[in-house]
There are 2 protein chains.
Amino acid sequence: MTPNKELQEQRMRGYFKDATREILKGEGLKALSVRSVAERAGYSFATMYNYFRDLNELIFLCVNDFMEECETLVNEAGTEMEPGRDRLKVRVKAYISYFTQYPGIFELFFVEKMNDIGSKHPTARTIYEFSDRLFGEDVAALTGKLPDTEKINRDILGNLRHSVTGMLLFYNNRLQPGDYREFIAIALRQTELCLAPAYA
Amino acid sequence: MTPNKELQEQRMRGYFKDATREILKGEGLKALSVRSVAERAGYSFATMYNYFRDLNELIFLCVNDFMEECETLVNEAGTEMEPGRDRLKVRVKAYISYFTQYPGIFELFFVEKMNDIGSKHPTARTIYEFSDRLFGEDVAALTGKLPDTEKINRDILGNLRHSVTGMLLFYNNRLQPGDYREFIAIALRQTELCLAPAYA
DNA sequence: TTAAAATAATAAACAATGTTAATTATTTTT
DNA sequence: AAAAATAATTAACATTGTTTATTATTTTAA
């Protein structure tokens, strides 16, 4: 019987990745350490270095998983609705809800200071374009009949990306505004404002 | 001769504060440590604890200085212009320029994860309202003649606050977009979009 | 099947960090 | 000038990421 090294290694990596995901979703980046991950995975902290270059590599691998999870959640919001203004708001709300429920994941996506290598990583661009992918269809539904659609789309999606990220940053990291309901209300209002170029 | 304890203590605190400011402006938060501050101040790291509760207190004290510095810079931009759209853009540009020149200060203002006490600190609110103070006059000049001025002002200033912060976050922390000129161009374009409610 | 080789897991160690407690140096007061 | 108070520093501890040695295990070869 020849042992399946590939499978074994895959499993080991899985244990560490799962542990990392759980900690990030639960206690957040602050609680993440080589030792905390290893303990949850059931191995010594030194074992991690046999499967990953360092803690950062492990963190990077989680981003894709989280992105999928978030996308699924957003896609489950407003399924019965027509693409457009109202559905966009429902989807933005789901997006925001994900990142307020898991502030550690928000931190990981948008806040964590990476080294220069990390920022040049393709992941950085994928994150940058993440909201475009999620909200593109609804925006396109609003601008489809207009001339100069592409430019307007870029404007709107850009504004959405920046202002939603900004709001989440203030809410998650600075507790501004202090109340969640108020935060959501402002967020939806701002979402509407971002659509202005579609009605010009 | 009775020694002026007050003055002496004030000076000591000044040495540490200056050292902290210099490091934050130069190498950024990552390079800031009790030891690096103390070395630059010319004292042992333990001495810091005789004048400040901890490193966080020292950091907080710098925020106000930086805010003043930034405000001065912004106020020096477009002094000969009329309040309004064009001056706003010049001022936003100065604001952005400050926080890209000193990414460590941006981190300190908007990114650094504070403990709950820190986020409930009055400073958190001051930071939140900082851009409103800087850009309020120009926005008011645009909306002054409209009905429902206050509401529109809030909308515009909110959108400005969030989208400028979001853009800076992407640029400073994720190198998106990769080129500074492109970044500025997008930022100014987005600034204009934020003003849409004034022209409705 | 058992000895040798390869591999995997871990423990030990190091450097850097924030912080506190103990100690030394300095200044002030009596 | 000695005693008391204060200031500054050193020593120490706990926690972090990471690397280097050791130990345990598994695979291979005789």
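We name chains A, B, ... by the order of the sequence lines, and we start the count at 1 in each one.
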Value rounded to 0.5 Å, distance of OG1 in A/T123 from CG in A/N64: 6.0 Å
To the nearest 0.5 Å, atom CG of B/N153 lies from atom CZ of B/F135 at 14.0 Å
Once you round it to whole Å, what is the distance between [atom2] of [N] and [atom1] of [X]?
| X | N | atom1 | atom2 | result |
| --- | --- | --- | --- | --- |
| B/L58 | C/dG18 | CG | C1' | 13 Å |
| B/I23 | C/dT17 | CD1 | P | 11 Å |
| B/E39 | C/dG18 | CD | C1' | 17 Å |
| B/Y49 | D/dT10 | OH | P | 16 Å |
| A/E57 | D/dG17 | CD | P | 15 Å |
| B/Q8 | D/dT6 | CD | C1' | 11 Å |
| B/F52 | D/dA7 | CZ | P | 14 Å |
| A/R53 | D/dT18 | CZ | P | 9 Å |

Let me check something: any side-chain donor-acceptor pairs from residues 178-187 of chain B under 3.5 Å, sequence neighbours excluded? List them with distances.
unit_1 : atom_1 : unit_2 : atom_2 : d
B/D179 : OD2    : B/R181 : N      : 3.3
B/D179 : OD2    : B/E182 : N      : 3.1

Return a table of donor-acceptor pairs under 3.5 angstrom between the side chains of residues 74-81 of chain A and protein atoms on other chains or two or more places apart.
unit_1 : atom_1 : unit_2 : atom_2 : d
A/N75  : OD1    : A/R91  : NH1    : 3.3
A/N75  : OD1    : A/R91  : NH2    : 3.0
A/N75  : ND2    : A/E71  : O      : 3.3

Pi-cation contact, B/F110 with A/R174 (under 6.0 Å, within 45°): no
I want to check a possible cation-pi pair here: B/R35 against B/F45, using under 6.0 Å from ring centre and within 45° of the ring axis as the test. yes
What class does the angle between the rings of A/F16 and A/F52 fall in, given that below 30° is parallel, 30 to 60° is tilted and above 60° is perpendicular? perpendicular
Look at the aromatic rings of B/Y95 and B/F130 and report parallel, tilted or perpendicular, splitting at 30° and 60°. tilted
Roughly how bent is the helix from C/dT1-D/dA30 to C/dT30-D/dA1 end to end, in steps of 10 degrees, with each end axis from five pairs? 30°
Among residues 10-18 of chain B, which ones have heavy-atom contacts with DNA chain C below 4.0 Å? none
What one-letter contact string describes nucleotides 10-16 of chain C from 5' to 3', where B marks a base within less than 4.0 Å of any protein heavy atom, S marks contact via sugar-phosphate atoms alone, and - marks no contact? BBBB---
Which nucleotide in the set D/dT18, C/dT19, D/dT16 lies at the smallest distance from any side-chain heavy atom of B/L55? C/dT19
Minimum-distance pair of heavy atoms, taken over all atoms of A/D138 and A/P83: OD1-CA, 3.2 Å
Any residue meeting side-chain contact (heavy atoms from CB on, under 4.5 Å) with A/Y98, in chain and number order, not counting sequence neighbours: A/F66, A/E69, A/C70, A/L73, A/Y102, A/I105
Base, sugar-phosphate, or nothing for B/Y51, non-hydrogen atoms under 4.0 angstrom? sugar-phosphate
Are A/L157 and A/I96 linked, directly or through intermediate hydrophobic residues, by side-chain heavy-atom contacts shorter than 4.5 Å (ILVMFWY only)? yes
